[in-house]
A.B. asks: 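Take this structure first; my questions come after.
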Number of protein chains: 2
Amino acid sequence: MTDVQQTEAKPRLGRKRDHTRDPEILDAALEVLSESGYDGMTIDMVATRAKAGKATVYRRWSSKAELVLDAVACMKQGEIDLDDLPDTGTLRGDLVAMIRTPSIRDGERKLKVMAGIVSMIARSPELAAAAQEALVEPRATVNRIFFRRAIERGEVPADIDVEKLCIIGPALVAYSVLMLGRPVDRDFLISNIDQVILPAAGVRAEP
Amino acid sequence: MTDVQQTEAKPRLGRKRDHTRDPEILDAALEVLSESGYDGMTIDMVATRAKAGKATVYRRWSSKAELVLDAVACMKQGEIDLDDLPDTGTLRGDLVAMIRTPSIRDGERKLKVMAGIVSMIARSPELAAAAQEALVEPRATVNRIFFRRAIERGEVPADIDVEKLCIIGPALVAYSVLMLGRPVDRDFLISNIDQVILPAAGVRAEP
DNA sequence: CATATACGGAACTATCGAGTTCCGGATACC
DNA sequence: GGTATCCGGAACTCGATAGTTCCGTATATG
């Protein structure tokens, strides 16, 4: 479970103490996974893309399955820091504030990775758990915080089904990208908030 | 594009005029597809499950890709007949009336097939189109009719975004099954209608 | 400079599955 | 009964890929 984002420093050491190529390899694995899916991905592709040898990959991971598992798990990193979630004072403000172009791009990549492994999820509980933790849970966590805040604020009725509300956004995005093949843009996300999530949360539309 | 459901008569002819084993083979293909995904599915599996020989399969379809394409396309059959859609007088009534145990089962099977091919969809426009037509469009069509009716009735504001409303239900179901791995039951579908779809449609909750 | 370590890359094996071919058998039609 | 037709099944080819092994090289350390 190495952190891909930490391509920090990158001293290109000659003699490396550990397996310093891990981040590049994991990142390459995610790249290939998102483009070709689990079965379409070959270790050679990953190695080549990471400018590494196949042997280097197998020195660290004993099988393709483990590499993928690790690659998926490490997507958990780079998530939003829960501490600096903006509190804009309104539920809509909070939700809209979460929409940022880079996070949309990151989200699409995650979805493509998800698309590449969905058919495996039903057959590999471990992969299912990793995907759950790395791709599904982080989003839900952020949403949960917003809705709890809104309830405390009195903006939203306390008996609302928070879990269902948390799911609406991700579900619409996933369906749109994976099933309909439509790209996600800011307008789509905003309309999801205004036309679906807020009404479901019992918040009246603003004029 | 043969119809799987039409296992009618099934005279088990000796000398067959045409390729009479098509339905069984297509059905077996869908079965295997839903269990193992596109890459996990082998022609041998399909043939064996259909009690057929691999040669029989290739006599009719020139490649695995074409078999899958045809199998997906033929799922369009067995859809709800648009003429006998119940008009219960209310949007909620119409939506709830669509929930039937067999249609839930059928829907789950379709979703599993979808899961088996999502990673291919991004790379095969033909498969994407077939999936769109057979799995996505039929549901949206039914919903569209309900919402249009509700608008005519004055139950729902005319400026509502019908396309978005049509997507909510399928999106929640797909996300729940494929991403969260939760089975779909009647209560879940009802709560989707009452807590999400109707509020988004501007219908007040009933006490 | 000498050495140990990690790497890139290439060559290798073994397996598996797509697609092909062939044949014996069952049966509708003459 | 004879025959043409379709089928099931087995045996085959061939390409691709998971996983392994080996070697030359670069470099940090002593």
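In what follows, chains are A, B, ... by sequence order, proteins preceding strands, each numbered from 1. Atom set for the values below is all heavy atoms of this structure, side chains included, hydrogens, waters and symmetry mates excluded. Since the structure is predicted, the reported quantities are computational estimates derived from the model, not experimental observations.
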A.B. asks: Flag the pair E35(B) and K112(B) as a salt bridge only when some basic side-chain nitrogen lies within less than 4.0 angstrom of an acidic carboxylate oxygen.
C.D. replies: no

A.B. asks: Taking atom C1' of dC6(D) as reference, at what distance in whole Å does atom CG of D22(B) sit?
C.D. replies: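 For the pair D22(B) CG and dC6(D) C1', the rounded distance is 12 Å.
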
A.B. asks: Using atom OH of Y58(B) as one end and atom P of dC22(C) as the other, report the distance to the nearest whole Å.
C.D. replies: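 Between P of dC22(C) and OH of Y58(B): 17 Å.
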
A.B. asks: Ion pair present between D27(A) and R109(A), side-chain N to carboxylate O less than 4.0 angstrom?
C.D. replies: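 Result for this pair is yes, salt bridge flagged.
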
A.B. asks: To the closest 0.5 Å, what do you measure between CG (L127(A)) and CD1 (I117(A))?
C.D. replies: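 One finds 4.5 Å between CG of L127(A) and CD1 of I117(A).
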
A.B. asks: Among the candidates dC7(C), dC22(C), dT21(D), find the nucleotide nearest to the side-chain atoms of A55(B).
C.D. replies: dC22(C)

A.B. asks: Heavy atom of residues 35-52 of chain B under 4.0 Å from DNA chain D: which residues?
C.D. replies: K51(B), A52(B)

A.B. asks: May I have the distance from R60(B) (atom CZ) to dT20(C) (atom C1'), rounded to whole angstrom?
C.D. replies: 19 Å

A.B. asks: From L91(A) CG over to I197(A) CD1, what is the distance, rounded to the nearest 0.5 angstrom?
C.D. replies: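 Here the rounded value is 8.5 Å.
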
A.B. asks: To the nearest 0.5 Å, what is the distance between CG on L95(A) and OG1 on T90(A)?
C.D. replies: 8.5 Å

A.B. asks: Has the side chain of R21(A) got a donor or acceptor atom sitting under 3.5 Å from an opposite partner on the base of dG8(C)?
C.D. replies: no

A.B. asks: Whole angstrom is fine here: how far is it from CZ in R59(B) over to P in dA18(C)?
C.D. replies: 18 Å

A.B. asks: Please compare K64(A) and K54(B) by the position of their nearest nucleotide in DNA chain D and report the one closer to 5'.
C.D. replies: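 Going by which nucleotide is closer to the 5' end, it is K54(B).
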
A.B. asks: Look at K76(B) together with E133(B) and state whether they make a salt bridge at an N to O cut-off of under 4.0 Å.
C.D. replies: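 Result for this pair is yes, salt bridge flagged.
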
A.B. asks: Using a heavy-atom cut-off of under 4.0 Å over every strand shown, decide if S62(A) touches base, sugar-phosphate, or nothing.
C.D. replies: nothing

